[in-house]
Number of protein chains: 2
Amino acid sequence: MVKKRKKKSTKGKGKNKMANQKMVYFFGSGRAEGKGTWKDLLGGKGAGLAEMTDAGVPVPPGFTITTEVCNKFYDLGKKIPAGLEAQMDDGIKKVEKSMRLKFGDRNDPLLFSVRSGAKFSMPGMMDTVLNLGLNDDTVAGFINKTGNEKFVLDSYRRFIQMFGNVVMDIEKNEFEDILHAKKVEVGAKSDADLDAVALRDIIRKFKAKYKQLTGKNFPQDPKEQLRMARNAVFNSWNNPRANTYRKLNDIPDNLGTAVNVQTMVFGNMGNDSATGVGFTRNPATGNKEFYGEYLLNAQGEDVVAGVRTPQPIVKLGKDMPPVYKQLRNITSKLEKHYRDVQDFEFTVQQGKLFMLQTRNGKRTAAAAVKIAVDMVKEGLLTKEEAILRVDPQQLDQLLHPIIDPKAKVSVLAKGLPASPGAATGVAVFTADEAAARGDKEKVILIRQETCPDDIHGMDAAQGILTARGGMTSHAAVVARGMGKCCVAGCESISVSEKGKKFTIGSTTVKEGDWVTLNGTTGEVILGKVPTIEPQLTGEFGILMKWADEIRTMKVRTNADTPHDATVARDFGAQGIGLCRTEHMFFAEDRLPIVQEMILADNKADRKAAVAKLLPMQKADFKGIFKAMKGLPVTIRLLDPPLHEFLPKREELMVEVAVMKVKGEDKEKIKVKEALLKRVEDLHEFNPMLGHRGCRLGISYPEITEMQATAIFEAAAELAKQNIKIIPEVMVPLVDLVKELEDQKAVIDAAAKAVMKKHGKKIQYLVGTMIELPRACVTADEIAKVAEFFSFGTNDLTQTTFGYSRDDAGKFIMQYIDKGIFEKDPFVTIDVDGVGQLVKMGVDKGRKTRKDLKVGICGEHGGDPASVEFCYKIGLNYVSCSPYRVPIARLAAAQAVIKFGAKKTKKKAKRKSK
Amino acid sequence: MVKKRKKKSTKGKGKNKMANQKMVYFFGSGRAEGKGTWKDLLGGKGAGLAEMTDAGVPVPPGFTITTEVCNKFYDLGKKIPAGLEAQMDDGIKKVEKSMRLKFGDRNDPLLFSVRSGAKFSMPGMMDTVLNLGLNDDTVAGFINKTGNEKFVLDSYRRFIQMFGNVVMDIEKNEFEDILHAKKVEVGAKSDADLDAVALRDIIRKFKAKYKQLTGKNFPQDPKEQLRMARNAVFNSWNNPRANTYRKLNDIPDNLGTAVNVQTMVFGNMGNDSATGVGFTRNPATGNKEFYGEYLLNAQGEDVVAGVRTPQPIVKLGKDMPPVYKQLRNITSKLEKHYRDVQDFEFTVQQGKLFMLQTRNGKRTAAAAVKIAVDMVKEGLLTKEEAILRVDPQQLDQLLHPIIDPKAKVSVLAKGLPASPGAATGVAVFTADEAAARGDKEKVILIRQETCPDDIHGMDAAQGILTARGGMTSHAAVVARGMGKCCVAGCESISVSEKGKKFTIGSTTVKEGDWVTLNGTTGEVILGKVPTIEPQLTGEFGILMKWADEIRTMKVRTNADTPHDATVARDFGAQGIGLCRTEHMFFAEDRLPIVQEMILADNKADRKAAVAKLLPMQKADFKGIFKAMKGLPVTIRLLDPPLHEFLPKREELMVEVAVMKVKGEDKEKIKVKEALLKRVEDLHEFNPMLGHRGCRLGISYPEITEMQATAIFEAAAELAKQNIKIIPEVMVPLVDLVKELEDQKAVIDAAAKAVMKKHGKKIQYLVGTMIELPRACVTADEIAKVAEFFSFGTNDLTQTTFGYSRDDAGKFIMQYIDKGIFEKDPFVTIDVDGVGQLVKMGVDKGRKTRKDLKVGICGEHGGDPASVEFCYKIGLNYVSCSPYRVPIARLAAAQAVIKFGAKKTKKKAKRKSK
């Protein structure tokens, strides 16, 4: 960069070549010398002001000093190029003409704001200087004109303060101390309580402080003020904050900054003045109605401060009919120009309308959908553009209840927004309690952390709150799957499950107390708060239809029950990408049999227990197959380590120790000890990396055999009812192709036996979950046996990073705070690390099996940024929790629009079955 | 493969073109028609017999039917090509002439063995048929000739049994049942107790059974026997076992098998006959002496069975002087021919010497070293060949005590051979007990599993036995580091640490009982067993010197104490590749301070505790730097999660519960509960994937700062003594380059402060351990900041596979049994998975930093196969435990010899500093 600057410098030498060059661009009175596209020359803000002026928007007039001047300033060793002063004077004259005011006039002064403006927005580079042009003389005229002495004096003291700080680098507290002392002296609670006398004294002291610290008087000459402010802007381009910001954001050092000098306008100059804000459409509903509010004879701050109650904007039509008409015209022109809802600010100064700002308006999800669809109908947008206008993530709002925005809430604590929606209910601290009370009343289940044992309680609760665990902790994953609100990892609360309470600071919440959760923000709220069930408007359906027409990647769902499967189908799921079978094992009527299976010390006993599970599993699968009505269903074989189905080791240890101390019956102790022994045998230091997934199936082929048989029996029986199912049997946690070969042999044998028994051919696929780095690296080998891949990016993220999702929440939050992470990698796929392994897996897999069907079934399948990545690397489908299916559908459509469809579409079509 | 066969078949058509082709190759009487190199045509065994015969070795004569005949046999639809019978007859005649015997002669019959023999050895394809040619007639003549009726009858019944089983596929138990019934009937305990009458009855019944099951009489015509056996060999080429074996070993299906028909010879035909075995050099010591034993008038089995005591082979010189002389001549010729020690079997049949087998002899490590070095001196081998002759793994024997091979031992159980050597001592069950008794007597520390708390006990013990954990469990890693014997993961024993005993079956071993461990085999032996301290012979030093001359890759060591560092230097380590700092934190005088640091609830208290550790750490590093005398030292910053330094959660839970039941002092309980609370806060579900490594340093920069300061202070103080140290500071567990940037900033600041304080410049490097898949995938980014990489392949194996090394032992053993794994990936690097990630890391790292120094410091650094891989991918060094340094040195030299040096040598030289 330094080199480049030097080169330019050489070029610029041989006298001051800029003199004849245009260095100042005026905008105002309906025309701009610059263009909206000249961001290099005018900076982003300057170009924007030119664009608005040219679009007929009455922005307060002003002029932009170009970025070239900034670069020249540095080339000349921080000197102003010749000719600039003259061009600026010319600019000032044009503004004066447009405003019919004079800069520095003691009766009716023109005031300026001075702002920096580089090509790329660089927040924090230089603050703005407002009210430039005020001095001891002009103040008097300004008071006269506004009739508001306090306001003008306050503006003057603010100007000195801002100028001193921004231009002269005087520490803020130098002025604040004076202000504070004065307030104490006169007993003023806020700045507004200071009267004119006090303000005049403050201004005197500010000027004295200015002189003391700079050695010079506060400049009284407005042009001198302007020159100093301009130079301060140029200097600010190279201050350390700006340099750091550019380095972090890869902005070249040699762009330079422009300086924007713009007229100050005031809405408090009498009853022919006003100020207001508005939207071109209703940002809450999306309805096409002029929306906003204003105050007569007021400053913008007054609208915000709430001292006076603003009027609805339609009333402006009565107060100032021509201004209102002009405002309607301008804003509807702006909406057409920017082809989006505009959020605008305006000021009327003595009957003249000025637009201070216009930008694309923020809106609720419902409004976003309605506006996008309406604008297509109005011919403003194409369908593709409409699809891009809605943030898929925001759709979540439409799929869950929300807290009534009007409700006043008392936020107790904040955890991770683990599963969106809102829920209100009485606090319970055990799953059993939740299950017992959940039928009769609304309950919130609060746990240190949840485990598979808690499923029945989670199912009965309205929402779940945990003190431990991250965005993909057990509670979070299960809650999202259930479409249930969850706040997880709320580390600041201290949960006592035995004491049936939690505490935070001095507050204690006991069983039965009302609690409300906001799973969208992570807030934990004390008391009962009304919630709203949002309605899916017709536009939502239309937008989804368009999205489906465009997208090429399928969207499946992760569902373990017929209920979830049905919900997902209704949300548009095109199959099940992940049906976990372990949740079925936790059902109340099965857990004892599962434990029997685990505790069996010989194969015969184990087989007997397994046999009892077979009819139950078969019924599970039949239910799910029926719900999906012939859509593909991927069933994952048993995955978690067996000790998850047994009582907890440490609890048994305590029990045994206590029984012994109490001198309880020896036989009873013996039984408990025997159980503990078995639990000890199965205990693992790192269960995540232990005896689970296909490792279980290899150790206990009878479990795989039972599950496969249940799947094929279910399919065979439904085939007789003419429901055709092609089950996709998924072997979890494969590292080595030989593991898959081993399990595939068991599955194939089960299929053969069932087909023989029923005399019917059953089509099926055997594939694997790719969820370990080794599987990605050796995917070419694995694909020789696997007929499909499904990327389990939760576990893949865990192993690629070496993060336990149950433990990592704490330091991931820290990392995000420190800027080490931009996003939680369990929420949005880590493209540079985990993503590269996924891509490698896809590419290698298709090298040995061209028509390999590839999907993703980790939590990332419902995250828009991750869906985009999945599209880019050519996946056939994503699979996500039922409530995120619409989000994934929209994100998949957006990906096609953003990255082009043709090639990939063809590819995807050829590849997907 | 089928296609190829068909092609060949077409070629072969147009009548039987083989008729004129040579299909049978004779060997015997000092000449062979085939050549030792014709393995394609004659198979491996046939080619070997030809080679030996040509080398003047008197092997029993015979002939080989070529592999082409086998292929033709299949082409013709399992028919024998025309002309084969005639060529076989010719072969038989040549053998008869050489042996002066006749096939089928009723007085002095020639007998054959028939064996398959493909190009590649395929064990289990077809069993051998021995004594072919016996029938009801020849039996009589054979009895007459040997004068040993029982022997001949037993040979005949074995022949029928073998023939029936191998040629006619009769189940083995059909014959075994008859044999067993007879033994019961006559009260015979073993086969040898059966007399001639019984044997004749058995033969009769065997023949009847044969007829019953095959519908034909047992063939009495020797030529018919031979034809049937030959066809059985051809058929066996396509039996399922053989097909599977070929598939598993990538052997093409179209090679075919040869058939070897060879004369049977007998050492039990009177006192002019004998049989024996021997070595050309002493296989235990390597001394150049003729070594072996023999028996007159005996079969080979008699030597092995130990019924008669064999004579030392030198005595054969007196019994049969010409035969002895011939044997000496032949074997020394064989040694020269094969250029290696020969392990041979011979038989003397009626004064005539036959060599039955010769192969390279197995030998002890000491012998291997001595023989290799001697053979260079004798001009038999080059230095390079000598280096390749010694198995680096075997060197381990030379570096640890071994169990006296003469001792009779009672093996109680078998675990994993986790750390080699032998140790004997009294059983103790807690680390404290070990530490208390270890000074006075020899103790073996026996634990369920070990943890860092146990270090002092492990240090005091002679050996360590654990019931849980794999080859890289805590016990295994620490023991190997200490060069101490360890048997880990001995799942069959049940350890009660509280009961101070362990049980296996009905045996109980209590505290104080003598126990012996064999860490080389994994055996746990009851009682006190004598051990031998092996001596490093002079030849060992010579071989190492040669290895050092050749190798290009450096060998460093993993050492945490000055003692280990000194041991490693003595073994030839060229620096420390991994100095762990956590072991220092566990020292008795420090643990309380470390706990103070962890339990501090504010930064000030934590800093105060950390400050207390600084002088201790400085002293640690000074000691190690001194021991390494200026060689490079890589110090890894604190790695394990903090809860490892606190009492165990479950034990505290039990304690608190028991205290409460007992109604103990409430204040005491409160203190204990507070501790439990903090332990709960730090508790992790998967500590391996938790808050550890650089994640700690980022959360608690004061720890990193203290450690870095200690390192630089130590270096600065030694610099004043003119000991120059270039510390390499290693940041563990980096996933993201920003983590490393964060920690490097802290380290650089510490260095700057120390340099300022001492007014001395200290050279140092900051690098990172690459031990997570994400680090490999993004190594190019990380190398922009890291000045060196050290691959932590233990953790990388854990995360790449998703295996917890503390838990995976169980199923890895199962996987090896099932053939899913060839080798434990924690022992030998998994080249296809983990290895690919390592390679990617090296390549990407050097892309952005050409001179990046790269090493490996996982356990694999001491495994020869892994060292070879490290060499191939261009590492600068490997680092291993002190006791494996010589192994790594030798393996590194072998890698150069096997894979060429030039290019890599240059590269390595340029790259290593």
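Per chain, numbering begins at 1; letters A, B, ... match sequence-line order.
Taking the side chain as every heavy atom from C-beta outward, B:R695 and A:K810 never approach each other to under 4.5 Å. Side-chain contact between B:D832 and A:R774: present, with at least one pair of heavy atoms (C-beta onward) separated by less than 4.5 Å. Side-chain contact between B:Y815 and A:L736: present, with at least one pair of heavy atoms (C-beta onward) separated by less than 4.5 Å. The closest side-chain heavy-atom distance from B:F801 to A:T799 is not below 4.5 Å. You'll find the side chain of A:D807 stays beyond 4.5 Å of the side chain of B:L689, heavy atoms only. By the 4.5 Å heavy-atom criterion applied to side chains, B:N686 and A:Y803 are not counted as neighbours.
With chain A as the partner, the residue from B:M840, B:E741, B:E449, B:K662 showing the most heavy-atom pairs under 4.5 Å is B:E449. Among B:H691, B:E771, B:Q836, the residue making the largest number of heavy-atom pairs under 4.5 Å with chain A is B:H691. Contact count against chain B (heavy-atom pairs under 4.5 Å) is highest for A:S699 among A:A808, A:A657, A:S699, A:G693. Ranked by heavy-atom pairs shorter than 4.5 Å toward chain B, the options A:V658, A:I698, A:V737 are led by A:I698. When A:E650, A:K818, A:E655, A:K677 are compared by the number of non-hydrogen pairs under 4.5 Å with chain B, A:E650 comes out ahead.
Put simply, CE on A:M688 and CD on B:Q798 are 12.0 Å apart, with the number rounded to the nearest 0.5 Å. To the nearest 0.5 Å, the span separating CG on A:D681 from CD on B:E491 amounts to 8.0 Å. With rounding to the nearest 0.5 Å, the separation of CD1 in A:I820 from SG in B:C694 is 8.0 Å.
Side-chain N/O atoms of B:S804 and A:E684 include no donor and acceptor closer than 3.5 Å.
Heavy atoms closer than 4.5 Å to chain A are found in the backbone of B:E680, but not in its side chain. In this structure, chain B has no heavy atom under 4.5 Å from any part of A:R692.
For the residue pair A:V777 and B:G833, the shortest heavy atom distance occurs at CG1-O, 3.9 Å. In this structure, B:F685 and A:P687 approach most closely via the heavy-atom pair O-CD, 3.3 Å.
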Given side-chain contact (heavy atoms from CB on, under 4.5 Å), test B:T800 with A:L772 step by step and report yes or no.
CA-CA 6 Å; B:T800 302; A:L772 294 167; over 6 Å; no
